[in-house]
Amino acid sequence: MEEQYHPSTVEKIAQEYWKDSHCFEVTEDPDKEKFYCLAMFPYPSGKLHMGHVRNYTITDVISRYQRMLGKNVLHPMGWDAFGLPAENAAIQNNTAPAKWTYSNIDYMKQQLNSLGFGFDWKRELATCQPSYYKWEQWFFTRLYEKGLVYKKMATVNWDPIDQTVLANEQVVDGKGWRSGAVVERKEIPQWFIKITDYAEELLSSLDELPNWPEQVKTMQRNWIGKSKGVEINFDLSNPIEGIKGFDVYTTRPDTLMGVTYVSIAAEHPIALALAKDNAELSEFIKDCKKQSVSEADMSAAEKRGIDTGLTAVHPLSNEPVAIWVANYVLMDYGSGAVMAVPAHDERDYEFAQKFNLDIKQVIKPTKPDDDCDISQEAYTEKGILVNSGEFNGLDFQQAFDAIAQKLNALGKGKVTTNFRLRDWGVSRQRYWGTPIPMFNLPEGGEIAVPFEKLPVLLPEDVEMDGVQSPIKADADWRKATLDGKAVEHETDTFDTFMESSWYYARYTSADLESAMLDPNKANYWLPVDQYVGGIEHAILHLLYARFFHKLMRDEGLVECDEPFKSLLCQGMVLAETYFRKNADGSTDWFNPSDVTLEKDDKGKPIKATLTATGEIVEIGGTTKMSKSKNNGVDPQTAVGQYGADTVRLFTMFAAPPTQTLEWNDAGVEGASRFLRRLWKTVHGHLAAGEPATLNTSNLTQVQQDLRRKTHETIAKVSDDYGVRQQFNTAVAAVMELLNDVNKYADRSTGETLAVEREAIEAAILLLAPVAPHISHVLWETLGHTDSVVNAQWPSIDQAALVKSNVTIVIQVNGKVRAKIDVANNTSKEELETIAKQDENVQKFTDGKTIRKVIVIPNKLVNIVAN
RNA sequence: GCCAGUGUGGUGAAAUUGGUAGACACGUCGGAUUCAAAAUCCGAUGCUAGCGAUAGCGUGGCGGUUCGAGUCCGCCCACUGGUACCA
């Protein structure tokens with residue numbers, strides 16, 4: 001064996017072996033327990049970034065670990081290939097989105113292989129391939145036939161200069177990112193899938209996902225937002241254009257007597273009707289249109305409103321209440337109207353204060369001493385009704401029921417269950433996506449493209465002008481015939497969340513040409529046993545995929561109810577930023593690789609300079625790796641410099657997977673140093689001669705301790721990989737084991753070498769999932785004929801774990817005053833006696849009365865004295 | 001705004017069920033080796049005071065529960081993710 005560790009040589013050997021033996025290509029095997037491990041597939045943006053490296057290292061570690069446990073492991077990879085960035089890049093580089101995308105895929109695939117990820121490339125797919133999106137189109141037409149798809153008007157961001165629809169991301173401070181024009185809201189017809197039909201099930205089956213992070217389930221529950229409330233009808237005092245009234249929904253009918261006005265959306269039919277002969281209102285409505293459609297922007301916008309002059313009739317008191325048009329009420333959600341109870345709702349309170357509207361308290365605290373001062377702020381807690389006539393004195397539930405019942409009797413309201421979740425709008429006015437498989441008919445209306453005419457192909461050889469989608473600009477593309485009749489192709493494409501909603505299932509039947517899925521294969525592999533991806537997908541992607549899975553189930557394609565059995569959400573990858581402010585106020589950002597740091601004597605950075613010029617730059621803090629701050633660290637550079645194993649080891653070691661990960665070159669060197677030390681240890685061990693067969697009956701204390709460490713480490717790492725999914729502590733445990741080997745191992749005889757051999761082999765096996773290349777070569781070097789990728793996970797020798805002594809902490813009033821070594825399982829009584837006799841303990845109990853002694857066997861003794 | 005997280009030494013972090021705060025690693029300092037340096041090896045390293053034994057303080061802030069709180073509860077601050085057309 002070579003004395004020095006050369007990562008590039010080692011990695012070449014291992015990667016060639018994996019490739020030549022096709023060892024990650026798997027097929028269904030009913031005799032073996034299956035394990036489907038999946039990473040969220042990447043958008044082919046050009047280069048792999050550290051977030052990808054982290055994601056795929058995690059799934060690779062889990063896959064290799066599960067494989068060593070003897071399971072049939074599927075670990076596929078593919079490309080989320082449709083999307084907005086390809087269009088932007090195509091315009092910028094004067095190329096076509098397809099060409100750009102395919103060349104990115106080629107490059108990134110090579111990068112993935114250089115990192116040694118064990119993917120089954122036979123199942124590779126790219127969502128922009130007609131063989132993939134054909135089945136998505138087919139599935140959509142099936143949903144259409146089942147009535148789960150419909151078309152309606154919906155609001156988009158409209159750039160009036162570029163005459164194009166903008167994504168929320170493309171709206172910056174209310175203006176179009178390219179044109180700078182103030183963005184307008186525009187209503188256009190769009191396709192929707194009825195996710196709300198599945199709201200109840202999407203909510204309730206979250207309870208069947210014990211291995212999902214609680215925070216993700218909570219976010220999804222809140223997003224679905226099931227609530228019980230009352231739908232209330234308000235009549236208009238004077239009908240307008242035949243409109244006699246409108247509905248509002250509230251979860252707080254108990255506050256109904258506190259309604260002092262109602263707010264309606266700018267697009268509400270009543271507002272539009274009134275605006276016809278009200279110039280001021282008409283102007284306000286026009287103004288409301290100049291607003292981004294994103295919820296975050298809207299909530300940040302100033303609350304504005306205007307009194308319409310029209311009143312509605314309060315359904316119980318019959319008193320007139322003012323109708324306001326407000327910019328924060330949206331036509332797309334609910335009925336486009338809300339009742340306002342300023343005394344008991346913060347937003348209504350703020351609005352009422354601003355416009356001097358009445359604030360009427362109708363709820364008082366259940367406990368009289370609770371803070372409630374309506375002149376200062378809204379009281380939003382539930383309480384006891386006041387100023388509510390016949391309902392006075394009722395609590396929330398009683399009032400809810402009584403008021404609902406009364407409204408019901410008057411024919412003015414009913415109890416309903418409401419969901420915050422809205423139907424899934426899947427239409428996009430973009431080019432680089434799956435064409436929506438619908439024909440628009442000349443007489444109006446539409447019909448699904450029949451199966452024989454699928455796929456509706458997206459032309460790939462196009463020129464992007466930066467404004468209009470090439471398939472919208474091309475009148476010929478639109479032309480089609482159906483049964484000899486001229487029809488037109490829909491020119492909108494699908495939301496790219498469509499493709500990412502079912503790719504995990506297609507991997508099981510990747511090359512199937514005759515159907516979307518092969519149920520036999522799909523049902524063998526599904527559900528995914530472990531899904532890993534960024535927390536940013538906690539709601540949208542994961543909810544749409546869950547929904548799509550249920551749609552596929554109801555189509556008879558899959559059997560299980562949920563697609564992802566266990567979910568791990570990884571944190572982002574961060575790096576230090578460096579910048580210089582220019583005289584004109586602009587900022588230049590410098591990549592960490594171009595900066596030299598100067599540190600004070602404690603190691604705290606005090607000064608940063610550009611390595612090339614020596615110019616001083618400012619330290620801008622650690623943030624998410626991004627193009628805008630130029631702090632991306634290229635994985636390829638790191639792999640070239642230290643090797644894939646080091647990069648993988650560092651990514652796993654530097655932080656637990658769910659936390660943010662800070663890239664740090666010094667830390668990477670530490671990881672590299674550890675691998676070199678491992679290599680050197682194996683080299684020294686082999687040079688010392690052949691070990692004898694391990695005989696555990698005649699070991700010295702030091703050797704027993706080393707064996708205990710070996711088996712404690714196996715137990716710890718197994719728990720960390722398999723149960724806790726905390727890879728950083730697993731790596732730390734192996735580091736500890738190797739430290740002990742180097743400190744205590746004895747190479748003088750065959751018997752002692754056997755103890756060292758056991759420890760070293762354990763270390764290699766435990767490390768194999770994280771650093772598979774070096775483990776592959778070292779395992780071979782130790783004389784094994786099978787490859788480490790197929791080796792069996794080490795088992796624990798319970799006898800080696802037995803401890804003779806434990807350290808007990810002795811506290812006085814909760815403060816540590818002594819530590820003692822005692823035999824394992826010393827009795828409570830004995831521990832108490834020993835503790836009280838301790839000299840240091842007596843110093844602190846002297847002159848005090850011992851009130852209580854708490855003894856936790858094998859842990860601590862706490863003496864309470866005063 | 002709303003929903004969900006996060007906050008521990010100079011730094012990344014550990015502490016799995018309420019029981020020794022800081023494992024492991026980086027950095028820094030000191031030493032060995034070297035003509036010298038790199039690499040490697042050994043040792044020290046939470047902060048403050050003290051030669052030292054040791055003592056006090058210490059897990060974003062304020063308060064609470066408990067014999068005991070990084071961990072549980074309440075309020076607050078800062079940062080991050082999502083907010084339905086970025087993926």
Side-chain angles (χ1 to χ4, degrees), chain A residues 40 42-43 45 80 83-85 156-157 165-171 190 213-216 218-223 225 293-301 303 328 332 346-347 421-430 495-497 500 534-541 543-544 569 571-572 574 599-605 621 623-624 650 653-656 658-662 664-671 673-674 676-677 680 716 719-720 723-724 726 728-729 731-736 739 742 807-811 813-816 819 851-854 856 859-860 862-864:
Chain A
M40 289 181 185
Y43 179 78
S45 56
D80 188 12
L84 207 46
V156 293
N157 296 308
V165 175
L166 298 178
N168 284 334
E169 188 193 46
Q170 298 170 316
V171 180
Q190 305 201 58
E214 213 46 62
Q215 49 157 317
V216 173
T218 307
M219 280 191 267
Q220 292 213 352
R221 279 188 197 106
N222 293 337
W223 185 261
V293 295
S294 92
E295 190 194 319
D297 287 348
M298 269 168 350
S299 67
K303 314 265 172 298
Y328 61 86
D332 286 0
E346 273 167 34
R347 203 165 55 172
L421 182 70
R422 310 193 303 262
D423 276 337
W424 180 9
V426 294
S427 296
R428 297 294 180 271
Q429 294 68 45
R430 281 171 247 299
D495 175 7
T496 55
F497 276 125
S500 54
I535 183 69
E536 65 273 21
H537 296 292
I539 297 174
L540 292 180
H541 161 61
L543 189 67
Y544 290 139
C569 289
M572 297 172 305
L574 316 178
K599 292 171 179 174
D600 68 8
D601 54 5
K602 278 182 176 167
K604 197 173 185 171
T623 60
K624 180 179 172 176
F650 173 75
F653 177 63
T658 54
Q659 299 291 311
T660 56
L661 170 79
E662 212 171 300
N664 169 289
D665 280 326
V668 179
E669 261 175 73
R673 199 174 301 158
F674 169 72
R676 285 202 298 272
R677 213 158 51 223
K680 221 175 98 183
K716 165 79 179 153
D719 187 43
D720 280 350
V723 181
R724 298 209 311 150
Q726 280 253 121
N728 56 329
T729 48
V731 172
V734 181
M735 286 175 169
E736 279 188 54
N739 287 346
N742 286 321
T807 303
I808 302 286
V809 167
I810 304 169
Q811 300 180 330
N813 292 329
K815 289 194 176 182
V816 180
K819 291 174 189 181
R851 302 282 174 197
K852 202 173 180 181
V853 179
I854 287 124
I856 313 287
K859 273 253 156 75
L860 66 68
N862 187 12
I863 299 169
V864 186

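Order of the sequence lines sets the chain letters (A, B, ...), proteins ahead of strands, with each chain counted from 1.
Nucleic acid contact class of A/His537 (heavy atoms, under 4.0 Å, all strands): base. Among the heavy atoms of the strands lying under 4.0 Å from A/Glu736 are primed sugar atoms or P, OP1, OP2 only; no base atom is included. In this structure, A/Asn813 reaches neither bases nor backbone, as no heavy-atom distance under 4.0 Å exists between it and the strands shown. A/Ser45 comes within 4.0 angstrom of no nucleic acid atom, judged by non-hydrogen atoms across all strands. Residue-level contact check: A/Trp424 touches neither bases nor backbone, having no heavy atom under 4.0 Å from any strand. The residue A/Ser427 sits close to a base: some heavy atom pair falls under 4.0 Å. Nucleic acid contact class of A/Thr807 (heavy atoms, under 4.0 Å, all strands): none. Within 4.0 Å (heavy atoms only), A/Val216 reaches no atom of the nucleic acid at all. Counting non-hydrogen atoms under 4.0 angstrom, A/Lys716 reaches a base of the nucleic acid. A/Lys859 comes within contact range of the sugar-phosphate backbone alone, with a heavy-atom separation under 4.0 Å but no base atom that close. At a threshold of 4.0 angstrom between heavy atoms, the contacts of A/Val864 are confined to the sugar-phosphate backbone, with no base atom among them. Looking at heavy-atom distances under 4.0 Å, A/Gln429 makes contact with a base. The residue A/Met735 sits close only to the backbone: its heavy atoms come under 4.0 Å of sugar-phosphate atoms, none of a base. No contact: A/Tyr328 has no heavy atom under 4.0 Å from any strand.
Checking B/G81 for Watson-Crick or G-U wobble geometry (two distances, each under 3.5 Å) identifies B/C3 as its partner. With a 3.5 Å ceiling on both atom-pair distances, the Watson-Crick or G-U wobble partner of B/G63 is B/C73. For B/C26, the paired base is B/G10 (Watson-Crick or G-U wobble, both distances below 3.5 Å).
Not a single donor-acceptor contact under 3.5 angstrom links the side-chain atoms of A/Glu346 to the base of B/G1.
For B/G64 and B/G31, the P atoms lie 50 Å apart once the distance is rounded to whole Å.
Formation of a donor-acceptor pair under 3.5 Å by the A/Gln220 side chain with backbone atoms of A/Ala538 is found in this model. Checked by atom type and distance alone, the side chain of A/Gln170 pairs as donor or acceptor with a backbone atom of A/Ala167 at under 3.5 Å.
The side chain of A/Arg673 contributes an N or O atom lying less than 4.0 Å from OP1 or OP2 of B/G27. Here A/Asn862 does not reach the OP1 or OP2 of B/U66: none of its side-chain N or O atoms lies under 4.0 Å away. The shortest distance between the side-chain N/O atoms of A/Asn728 and the OP1/OP2 oxygens of B/C24 is not below 4.0 Å. Taking only side-chain nitrogens and oxygens, A/Arg676 comes nearer than 4.0 Å to OP1 or OP2 of B/U40.
When side chains are defined from C-beta on, A/Asn862 does not count as touching A/Val853, because their heavy atoms never get closer than 4.5 Å. When side chains are defined from C-beta on, A/Phe497 counts as touching A/His541, because their heavy atoms get closer than 4.5 Å.
Remark: of the listed residues A/Asn168, A/Val171, A/Leu166, A/Asn168 is the sole one forming a side chain to side chain contact (heavy atoms under 4.5 Å, CB included) with A/Val293.
In this structure, A/Asn222 places its CG atom 6 Å from C1' of B/C3, rounding to the nearest Å. Straight-line distance from the CD1 atom of A/Ile539 to the P atom of B/C86: 14 Å, rounded to whole Å. Note: CG (A/Asn742) to P (B/G43) measures 12 Å, nearest angstrom. Straight-line distance from the OH atom of A/Tyr544 to the P atom of B/A87: 12 Å, rounded to whole Å.
Comparing A/Ile856 and A/Met572 along RNA chain B, the residue whose closest nucleotide (by nearest heavy atom) sits nearer the 5' end is A/Ile856. Closest-nucleotide positions on RNA chain B for A/Asp720 and A/Gln811 were compared, and the one nearer the 5' end corresponds to A/Asp720.
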